[in-house]
Q: 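Let me give you the structure first, and then I'll get to my questions.
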Amino acid sequence: MNQQVRELHTSITGWFAVHARKLPWREPDCTAWGVLVSEIMLQQTPVVRVLPVWQEWMHRWPSPAALASESSGEAVRAWGRLGYPRRALRLHAAAAAITEDFGGEVPSTHAALLSLPGVGDYTAAAVAAFAFGRRETVVDTNIRRVHARAVTGNALPSPALTAAEMRLARELMPDGVSESVAWNAAVMELGALICTARNPKCSQCPVLEQCAWVSAGRPDPHYVPKGQAWAGTDRQVRGTMMAVLRNAQAPVQRALLLHPPVDLAPSPAAGELDPLAALHRLAAPQEQMERALAGLIADRLAAEDARGVSLP
């Protein structure tokens with residue numbers, strides 16, 4: 001390991017020791033289950049939105065067995081507005097597998113974690129590292145961005161994870177186990193707080209003088225990032241329809257979901273109508289509404305029987 005890499009390790013982990021956010025899933029008494037739940041929730045979702053939902057989940061379901069004993073629909077309901085609600089189904093399925101196949105204890109190895117429903121390479125590596133202190137190469141978007149700028153001189157990492165990026169991440173890993181865990185957490189935090197995708201706070205960066213991107217004059221990205229559209233998309237209709245089902249105390253008739261009621265005026269149960277009014281205010285085409293509902297049912301985020309449509 002060359003001197004430049006050792007300096008990166010020292011500078012970034014030293015910065016983390018002082019500036020790391022105090023998060024409950026980083027506390028020594030947090031269970032492996034708490035770490036797993038946090039990692040699933042944090043995928044494509046910022047900490048500020050995850051924190052209250054994570055706390056509610058851990059209070060309600062402090063163990064995999066507690067979640068597995070409930071219906072998957074309750075997991076989806078409690079997921080609230082975190083987005084990408086299929087993650088709730090995956091967590092529920094993982095909880096069932098942990099309960100049935102691992103005696104209720106989250107497995108500690110990368111290979112065993114990969115066997116859980118909905119757990120991929122990143123999540124398996126992160127849980128093995130952060131919950132069990134194992135030396136694993138953890139690579140998320142924040143880490144890739146720090147590596148791209150500090151080492152390769154690119155403004156942004158590749159649009160999708162590449163073999164070259166994984167190879168670089170492995171080469172940058174400290175040899176020591178505890179050092180590797182600290183490094184993973186520190187680089188991730190640096191990318192989240194300082195080396196952000198837009199408007200990075202370079203003046204506050206602990207490796208400003210070592211950064212290849214800064215040394216190169218902060219060149220523009222080698223591609224134009226494409227933002228995800230929301231308004232008018234199937235995702236918007238699905239998400240708004242899910243809000244109706246989460247709020248409903250009983251199955252909702254298909255016709256009520258797909259066609260606006262003649263009168264959406266307040267009633268004694270006005271609060272229950274708010275999500276339904278929001279759905280129909282989208283004025284989505286009938287074909288899109290039907291496609292959204294069919295997709296939710298196919299993805300097992302909703303179920304339909306003679307009584308109507310509800311959470312699974």
Side-chain angles (χ1 to χ4, degrees), residues 23-27 29-132 134 136 138-142 185 188 235 238-239 241-243 245-248 295-303 310-312:
L23 300 172
W25 47 82
R26 287 178 176 166
E27 294 299 315
D29 61 349
C30 183
T31 63
W33 170 241
V35 174
L36 175 59
V37 171
S38 76
E39 288 297 338
I40 298 294
M41 287 185 172
L42 286 165
Q43 293 169 8
Q44 299 178 284
T45 309
V47 165
V48 67
R49 290 180 58 199
V50 166
L51 188 56
V53 181
W54 182 90
Q55 290 170 328
E56 290 171 6
W57 270 57
M58 297 310 298
H59 176 74
R60 182 174 179 181
W61 299 308
S63 68
L67 177 58
S69 68
E70 298 256 21
S71 70
S72 60
E74 281 304 302
V76 173
R77 191 187 306 278
W79 195 256
R81 301 182 63 83
L82 280 184
Y84 303 98
R86 274 178 284 189
R87 292 180 293 168
L89 292 181
R90 292 170 188 154
L91 255 178
H92 186 271
I98 292 167
T99 302
E100 295 170 10
D101 301 334
F102 295 95
E105 299 294 331
V106 176
S108 64
T109 67
H110 186 277
L113 285 160
L114 271 180
S115 72
L116 299 177
V119 173
D121 281 329
Y122 164 77
T123 303
V127 174
F130 302 141
F132 298 103
R134 295 186 179 274
E136 295 285 349
V138 181
V139 182
D140 76 341
T141 301
N142 286 319
M188 190 181 298
R235 285 181 56 235
R238 281 168 58 108
M241 197 173 286
M242 282 294 297
L245 299 180
R246 283 197 306 270
N247 189 73
L296 291 176
I297 293 172
D299 291 339
R300 294 184 296 174
L301 289 167
S310 62
L311 296 177

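Values below: every heavy atom of this structure, side chains too, minus hydrogens, waters and symmetry copies.
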Q: Grab the two heavy atoms, one from E39 and one from A126, that are nearest each other, plus how far apart they are.
A: CD-CB, 3.7 Å

Q: First locate atom CD of Q43, then atom OG1 of T123, and finally report the distance between them rounded to the nearest 0.5 Å.
A: 4.0 Å

Q: Do I98 and L36 make a side-chain contact, defined as non-hydrogen atoms from C-beta onward lying under 4.5 Å apart?
A: yes

Q: State, to 0.1 Å, how close P52 and V48 come at their nearest heavy-atom pair, and which atoms those are.
A: CD-O, 3.5 Å

Q: Considering all heavy atoms of both residues, which atom of A78 and which atom of V53 are nearest to each other, and what is their separation?
A: O-CG1, 3.8 Å

Q: For residues 57-81, which residue pairs qualify under ring-ring contact (aromatic ring centres under 6.0 Å, His included), counting only residues two or more places apart or in two chains?
A: W57-W61, W57-W79

Q: Minimum heavy-atom separation for S69 to A66, with atom names?
A: OG-O, 2.7 Å

Q: So, do E74 and H92 sit near enough that their side-chain heavy atoms are less than 4.5 Å apart?
A: no

Q: So Y122 and V139, do their side chains get closer than 4.5 Å, heavy atoms only?
A: no

Q: My understanding is that only residues two or more places apart in sequence, or in another chain, count here; which of them pass ring-ring contact (aromatic ring centres under 6.0 Å, His included) with W33?
A: none

Q: For the pair R81 (side chain) and R49 (backbone), establish whether a donor and an acceptor sit closer than 3.5 Å, ignoring hydrogens and angles.
A: no

Q: Atom NE2 of H110 and atom OG of S115: how far apart are they, to the nearest 0.5 Å?
A: 11.5 Å

Q: Does a sphere of radius 6.0 Å around CD in E105 hold more than 12 heavy atoms from other residues, nucleotides or ligands, not counting ones at 6.0 Å or beyond?
A: no

Q: How about M242 and L311: do any of their side-chain heavy atoms sit closer than 4.5 Å?
A: yes

Q: So do W25 and V37 actually touch side chain to side chain, heavy atoms under 4.5 Å?
A: no

Q: Can you name the closest pair of heavy atoms from C30 and P24 and give their distance?
A: CB-O, 3.5 Å

Q: How far apart are the C-alpha atoms of Y84 and R235, what are their side-chain angles, what is the distance that settles it, and do they pass the side chain to side chain contact (heavy atoms under 4.5 Å, CB included) test?
A: CA-CA 9 Å; Y84 303 98; R235 285 181 56 235; 3.5 Å; yes

Q: Would you find a donor on one side and an acceptor on the other, under 3.5 Å apart, between the side chain of R300 and the backbone of P312?
A: no

Q: Side chains of V50 and S38: closer than 4.5 Å at any heavy-atom pair?
A: no

Q: Nearest heavy-atom pair of L67 and A75: which atoms, and what distance?
A: CD1-CB, 4.1 Å

Q: Counting only heavy atoms not in R60, do more than 12 fall under 6.0 Å of its CZ?
A: yes

Q: Keeping D299 on the side-chain end and L301 on the backbone end, is there a donor-acceptor pair under 3.5 Å?
A: no

Q: Under 3.5 Å, is there a donor-acceptor pair between the side chain of R87 and the main chain of I40?
A: yes

Q: I would like to know whether L42 and W54 meet side chain to side chain contact (heavy atoms under 4.5 Å, CB included); could you show each step before the answer?
A: CA-CA 10 Å; L42 286 165; W54 182 90; over 6 Å; no

Q: Determine the sole option in V138, L113, L114 for which the side-chain contact (heavy atoms from CB on, under 4.5 Å) test with D121 is passed.
A: L114

Q: Looking only at atom types and distance, does a side-chain atom of R90 sit under 3.5 Å from a main-chain N or O of P117, one as donor and one as acceptor?
A: no

Q: Below 4.5 Å, heavy atoms only, C-beta onward: do V76 and S71 meet side chain to side chain?
A: no

